[in-house]
Amino acid sequence: MTLRLVYDEIRLGVKQVCHVLGYPEIEFDVSEASRPEFGDVSCNIGFLLAKTLKKKPLDVSQSIAEEYKKNLGEYVSEVSAHASGYLNFVANYSLLVPQVIYSSLQANYGSIDLGKNSKMTIEHTSVNPNKALHVGHVRNIIIGDTVARILHKASYDVSVLNYVDDSGLQVADIIVGFKYGGYSDTPPDDQKFDHYCGDIVYVKITERYETDKALTELRSHVLQELEEGTSDLAKFGDEITRRVLEEQLKTCWRLGATYDCLNFESQIVRSKLWQVAFEKMKSMGITELEQEGKNAGCWVIKAESEEDKVLVRSNGTATYIAKDIPYAAWKLGILEDPFYYKHYAVQKTGRVLWQTTLDSKETAMHFTGDRVITVIDSRQSRLQNIITKIMSDFKSKPDSYIHLGYESVTLSPDTAKTLDLDTGGKSVQMSGRKGIYVSADYVLDVLSEQTFDEAKKRNPELDEMSLVKISEQVAIGALRYAMIRQDLDKIITFDLTESLSLEGDTGPYIQYAHARAMRILEKYGKSPNFGASLDAVNTVYEKDMVKIIGKFDLQVEDAAKNLSPKIIAKYCYHLAVSFNAFYEHVKVLTADSEDIMNARLCLVYSFKETLAKALQLLGIDAPERM
RNA sequence: GGGCCUGUAGCUCAGCUUGGAUAGAGUGCUGGACUUCUAAUCCAGUGGUCAAGGGAUCGAAGCCCUUCGGGCCCGCCA
């Protein structure tokens, strides 16, 4: 059981009491008490009934409390009316403690049946395959990966897609660089290919467009050939794209993200899905041929409060959005699937990664969803709103296509300075084109190096391999947590120095709590006896921890319903805080008696199991030592 | 000009969806706790006209309106 049962029981109990007292039936709130001295659970019904009953909130609550006391039920030990008007409850810990601890031992603890196994498709990452990932991309990946993990825990049948824009302008840029700009397609020394393409070729060729108009024209030709996909140049482009993609995926995997399918834009273009979608839009009256004005001769989408969006140019060619619409429709299973699926790789977790192909000899599969989430930063909101509107028309359901937007990651003035950029004290937007970014690999390497030294200092007896493993876990924990801990619509100002500080509200703080718990259990050397009495668990520190452990599924529900990964991040942090307070104030291995020690060991075990499960939702490893 | 987001402690942020108890964390600063289950920890102190004004309400950081500050987006580019 979890705290959910306590809330449910109280909700029902209050309702029954109101019925007995002849109070009107209304919606009221049962929630966690804001302070420990108020008890465990609070109810606001006193305020809500005060008006209709023409009584003071306190009087209402008192009358309810009196009646409630006649039958406290299983999970409540005390009920009282507070002077403020709140109705407060104290939980029955002699029941709560063992039940929460036993529940937390179950492998699926925290799972809820919100999705009822319905199909949910989530797309994230989708970085142009012409450069290495920077910290801005990392936010996208971590949000997408974390939300996918949470939805899976909430019983959705989740498919994860990574869209590969292999026929866009950015890829064309580096192809121009290789074919006409004189850049070798073999990177110098041991530089990763994605870094080479992004740091050197892409940035340099972009600079040269300024002065060399001929190069700009070549780019248009390259772009056209990439879309057609038949020429040698297109084949070369495909080869380059796949080499970059392979390197990008290494970084994604290092971050702990995994996918089900890679969707190649070039194949969407060649599959003629667009034509099907376009006809559908015409027949549904979603798009119309503009007769006059500046867009005369274009097929446009009329927007209510904004400018019309051109869909097909007056020369008959489709605009950028014409690639996104059929893809979105495909994701929702609205259009007939033109793709077959080919094995790409087996990922660390054993999950198979597939890729789209137009080759009919390959397998037919399904990665489409009843609902679709697309993780893209909120600068794309206008475009995504148009797509959302079209999809709701197509599907005739309003919220089947969800744009999960988030604010961008900018660089702090100090970090910008390390790139020789004086921003005058302001933070600056990252730009791959201008070479203004901090790469994900670099941040992870620096973090990993620092944590390696720290781990070595603390654990001098550990071998190199173990230390490397720990430092990598901690580095990724730090970065993932930093990307997820605040709200999606807050800008993250990335500061390299600050990102290396691993104290307080950080991933490593939480991981450290887990490592501490592990050491206690390890030193004890045996399994705690879960059959014995847990009555000895009775300090405030222990009760507080039990309460938080018992809230796990409620937090998963909240996070899944609101697509809010930060809820799980906060949960992990609070869990860790409660354990660290316990650790400082309550001794386990030197407890006064065997019984007390055993009870506390059970709690420590329950804690580390729950924390590990919660951290797993964040894609953060729970280290045994650090 | 239009659209979206945002403003809470020196700094970074919770809380706002669903109004209610003394507005919470981290960090910073000051001081304290390692012969003890790992100090990546803990404890105490410091620090807030919740951007401003108005409205509805018994009651507003939260709801409504106005104003101001900051960010992003608005191409027959992708």
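Throughout, a chain's letter reflects where its sequence line sits, starting with A, and its residues are numbered from 1.
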Show me, pair by pair, the donor-acceptor contacts under 3.5 angstrom made by side chains of residues 484-494 of chain A, not counting sequence neighbours?
from: A/Gln486; atom 1: NE2; to: A/Ile491; atom 2: O; distance (Å): 3.4
from: A/Asp487; atom 1: OD1; to: A/Lys566; atom 2: NZ; distance (Å): 2.3
from: A/Asp487; atom 1: OD2; to: A/Asp489; atom 2: N; distance (Å): 3.4

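- B/U27 and B/G53 have their C1' atoms separated by 33 Å, given to the nearest Å.
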Protein and nucleotides 7-10 of chain B: nitrogen or oxygen contacts under 3.5 angstrom:
none

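- Under a cutoff of 6.0 Å and an axis angle of 45°, A/Lys213 and A/Tyr209 do not form a cation-pi pair.
- Residues A/Gln429 and A/Thr410 bring no donor and acceptor atom of their side chains to less than 3.5 Å of each other.
- Distances were taken from every side-chain heavy atom of A/Arg382 (C-beta onward) to each of B/U18, B/C74, B/U41; the shortest belongs to B/C74.
- RNA chain B is contacted by A/Phe47 of residues 46-56 of chain A, taking any non-hydrogen atom closer than 4.0 Å.
- Residue pairs meeting the ring-ring contact (aromatic ring centres under 6.0 Å, His included) criterion with at least one member in residues 556-578 of chain A, sequence neighbours excluded, are A/Tyr509-A/Tyr573, A/Phe552-A/Tyr571.
- For A/Lys561 and B/U17, the shortest distance from a side-chain N or O to OP1 or OP2 is not below 4.0 Å.
- Between A/Lys608 and B/C37 there is no side-chain N or O to OP1 or OP2 distance below 4.0 Å.
- Looking at residues 215-227 of chain A, you'll see that no heavy atom sits under 4.0 Å from any atom of RNA chain B.
- Within residues 570-584 of chain A, the residues that place at least one heavy atom under 4.0 Å from RNA chain B are, in residue-number order, A/Lys570, A/Tyr573, A/Asn580, A/Tyr583, A/Glu584.
- In terms of the salt bridge (charged side-chain N to carboxylate O under 4.0 Å, His left out) criterion, residue partners of A/Arg382 (sequence neighbours excluded) are, by chain and number, A/Glu306.
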* Asked: Can you give the dot-bracket line for RNA chain B, where a pair is Watson-Crick or G-U wobble with both atom distances under 3.5 Å, crossing pairs use [ ], and | marks a partner on another strand?
  -> (((((((..((((......[...))))((((((.......))))))....(((((..]....))))))))))))....

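- A perpendicular orientation is assigned to the rings of A/Phe278 and A/Trp299, their planes being inclined by more than 60° (bins at 30° and 60°).
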Throw together a table of side-chain donor-acceptor distances under 3.5 angstrom for residues 30-37 of chain A, partners on residues two or more places apart or in other chains.
from: A/Glu32; atom 1: OE1; to: A/Lys551; atom 2: NZ; distance (Å): 3.0

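- Distances shorter than 4.0 Å separate some side-chain N or O of A/Arg313 from OP1 or OP2 on B/A78.
- Scored by the side-chain contact (heavy atoms from CB on, under 4.5 Å) test, A/Ile376 finds A/Thr374, A/Gln380, A/Gln384, A/His403 as partners (sequence neighbours excluded).
- Sorted by first then second residue, the side-chain hydrogen bond (donor to acceptor under 3.5 Å, both in side chains) pairs that include residues 218-228 of chain A, not counting sequence neighbours, are A/Asp173-A/Arg219, A/Glu225-A/Ser231, A/Glu227-A/Lys323.
- A/Thr415 and A/Ser412 share a side-chain donor-acceptor pair at under 3.5 Å.
- For A/Glu461, the salt bridge (charged side-chain N to carboxylate O under 4.0 Å, His left out) partners two or more places apart in sequence, or in a different chain, are A/Arg625.
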